[in-house]
Amino acid sequence: MFKRRHILKLGLGSLFGIGTLALGRAKCLSKKIEALDNPNRKFTVIGTTSLKERAAAKGLFYGAAVRINSLSSDKQFIANFVEECAILVPEWDLKWTSLRPNASSFKFTYADSLAKFAQAHGMLLRGHTLVWEQSLPKWFWQDVNSGNVVQILQQHIQTVVGRYAGQIHSWDVVNEAIHINDGRTDGLRNTRWLQLMGPDYINIAFQMAAKADPQALLVYNEYGLDYDSRDDDAKRLAVLRLLEGLKSKGTPIHALGIQAHLKGDSTFFNPQKFRSFLREVAALGLKIIITELDVLDKNLPEDIKKRDRIVAAAYEEYLTAALQEPAVIGVLTWGLSDRYTWLAEDNSSGKLLPLPFSLRPLPLDADYNRKLAWNAIARAFDSAPRRQSEVGEFILK
Ligand code: G3I
């Protein structure tokens with residue numbers, strides 16, 4: 001009896017210990033997050049000119065990712081999108097799953113209407129994405145093998161890039177090819193493409209895209225390059241090595257796309273470290289595009305005023321640092337309004353996630369009102385050095 005009671009006491013004691021430790025951690029975290037908020041910070045903006053105009057005034061472009069359903073029926077959204085954005089990128093409609101119902105056909109309905117929309121409103125158009133591990137249709141996994149993969153990729157790129165040749169400002173040719181945890185010395189993600197074509201698949205895809213549209217900027221797009229952390233340090237190094245290797249073999253690559261999916265509760269952004277990475281990319285003769293910027297606020301306090309201030313601070317700190325680098329030519333947020341954000345969805349199905357409160361990661365709220373995040377982006381453009389670039393003139397033609 002004594003023994004069991006003793007063990008019970010020990011058990012309860014250690015449970016109590018773990019409990020207090022967890023409680024202590026939670027308290028410390030919430031203190032850190034509270035410290036991210038400065039209630040006196042106003043994010044004052046001069047005038048009401050749009051983000052695209054503030055960007056273009058500095059020779060930059062600003063735009064956002066968009067879905068066909070938000071543009072086809074939501075008139076108020078369309079008006080705001082046209083007012084704020086000088087470039088659009090289809091969030092879904094240029095991916096294999098959307099374009100390729102089967103191995104022998106293409107479905108361009110939605111991509112065509114987005115391209116037409118961009119043209120009708122004098123917007124630049126980004127292509128996203130030609131080679132990625134995700135959003136590959138079922139038939140790809142069943143029917144594509146090392147014997148037919150090059151021909152299938154060649155046909156895909158020739159048809160898709162060729163169709164929009166001359167309309168596309170820049171293509172994300174390869175997306176998210178680095179994954180350190182897969183254990184390769186080159187840091188490459190063990191994707192289906194790597195398994196079937198070997199590490200040269202990246203160079204091959206860029207060569208194919210350059211042939212299909214010699215005008216488009218060809219981009220390698222990646223996430224996890226933002227913070228002063230061991231993981232992001234390793235990923236930045238692996239991406240630099242990848243880019244150096246591609247450049248040394250003459251791959252027609254023109255830019256690095258930095259997705260910039262930021263976390264509002266992160267305290268690890270180091271502007272100096274981030275800027276030195278940008279300088280190293282620029283030293284390879286590459287441009288840089290911030291391609292999918294948003295700030296996740298899921299772990300922030302529910303209080304909207306506080307949450308909006310913390311999100312705005314993350315936007316302003318990050319973009320102010322990024323735009324100091326002359327090689328950065330433009331910024332896109334991954335969505336324009338909180339009404340349409342991937343962060344609130346299950347990415348495998350597109351269905352809404354059960355969240356404690358509705359997220360506010362983007363420049364406009366769900367009713368398309370400008371938020372402090374909008375002010376923060378506007379302030380970053382207003383304080384950015386002016387680029388000697390033709391992009392600004394094109395946008396305001
Ligand atoms: O449109 C179909 C609908 O017809 C169908 O009924 C439904 C259920 O299967 O799926 C709908 O498609 C969804 C699509 O988003 C459009 O909403 C897909 O399931 C869903 O997987 C897809 O998620 C997208 C995800 O990439 C995967 O392609 C997200 O919206 C999109 O924001 C996200 O974007 C990625 C970038 O491409 C790369 N960088 C990271 C970023 C966030 O994960």
Side-chain angles (χ1 to χ4, degrees), residues 48-95 98-99 106-130 159-172 209 212-219 255 257 289-293 329-342 362-364 366-370 374 377-378 381 389-397:
T48 57
T49 41
S50 66
L51 294 179
K52 75 177 179 185
E53 287 169 294
R54 291 172 193 266
K58 299 299 177 75
L60 291 155
F61 56 77
Y62 167 75
V66 74
R67 310 166 171 190
I68 189 65
N69 56 335
S70 57
L71 273 196
S72 46
S73 52
D74 190 334
K75 291 211 175 359
Q76 204 195 341
F77 178 77
I78 292 171
N80 283 282
F81 195 87
V82 170
E83 180 186 10
E84 300 288 359
C85 298
I87 185 169
L88 78 80
V89 60
E91 186 171 355
W92 168 250
D93 301 292
L94 275 174
K95 291 175 179 172
S98 179
L99 287 175
F106 293 78
K107 192 182 87 185
F108 285 112
T109 325
Y110 300 133
D112 282 353
S113 47
L114 288 173
K116 284 198 188 81
F117 179 89
Q119 211 158 25
H121 295 95
M123 289 180 182
L124 300 174
L125 177 63
R126 293 210 73 233
H128 173 84
T129 177
L130 297 171
T159 312
V160 177
V161 176
R163 185 183 185 87
Y164 302 107
Q167 280 188 69
I168 293 270
H169 169 269
S170 49
W171 267 107
D172 289 336
D213 182 356
Q215 277 180 280
L217 277 177
L218 302 181
V219 183
I289 302 173
I290 307 296
T291 50
E292 306 185 12
L293 180 60
I329 58 171
V331 177
L332 294 100
T333 46
W334 203 240
L336 179 65
S337 156
D338 298 336
R339 182 175 295 199
Y340 307 106
T341 171
W342 70 287
L362 289 167
L364 304 187
D367 298 320
Y368 314 137
N369 304 302
R370 290 172 172 177
W374 184 96
I377 297 170
F381 284 136
S389 133
E390 76 295 340
V391 167
E393 290 70 57
F394 175 90
I395 289 166
L396 295 180
K397 202 180 277 174

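The analysis underlying the following values was restricted to heavy atoms, covering all of them including side chains, and did not include hydrogens, waters or symmetry mates. From a predicted model like this one, the values you see are computed outputs, not experimental measurements.
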Who are the side chain to side chain contact (heavy atoms under 4.5 Å, CB included) partners of [X], not counting sequence neighbours?
X: Thr49; answer: Glu53, Arg54
X: Thr109; answer: Lys107
X: Lys116; answer: Asp112
X: Thr129; answer: Trp132, Asp172, Asn175

> When you check the gap from the basic side-chain N to the acidic O, do Asp367 and Arg339 get nearer than 4.0 Å?
Replying inline: yes

> Donor-acceptor pair, Asp213 side chain versus Ala209 backbone, under 3.5 Å?
Replying inline: no

> So, Glu84 side chain and Leu51 main chain: donor-acceptor pair closer than 3.5 Å or not?
Replying inline: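 Such a contact is found between Glu84 side chain and Leu51 backbone.
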
> Above 12 or not: heavy atoms from other molecules or residues under 6.0 Å from CZ of Phe117?
Replying inline: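 Counting neighbours around CZ of Phe117, more than 12 heavy atoms of other residues, nucleotides or ligands fall under 6.0 Å, so yes.
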
> Which residues satisfy the ring-ring contact (aromatic ring centres under 6.0 Å, His included) test with Phe81, sequence neighbours excluded?
Replying inline: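 Counting only residues at least two positions away or on another chain, Phe81 forms a ring-ring contact (aromatic ring centres under 6.0 Å, His included) with Phe77.
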
>> Going by side chain to side chain donor-acceptor pair (under 3.5 Å), name the residues that satisfy it together with Trp342, two or more places apart in sequence or in a different chain.
In response: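 For Trp342 the side chain to side chain donor-acceptor pair (under 3.5 Å) partners, ignoring immediate neighbours, are Asp294.
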
> With Glu83, which residues qualify under side chain to side chain donor-acceptor pair (under 3.5 Å), at least two apart?
Replying inline: Arg370

> After noting the C-alpha distance and the side-chain angles of Leu336 and Tyr368, does the key distance pass the side chain to side chain contact (heavy atoms under 4.5 Å, CB included) rule?
Replying inline: CA-CA 9 Å; Leu336 179 65; Tyr368 314 137; over 6 Å; no

>> For the CZ atom of Phe108 and the OG atom of Ser98, what is their distance to the nearest 0.5 Å?
In response: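 One finds 10.0 Å between CZ of Phe108 and OG of Ser98.
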
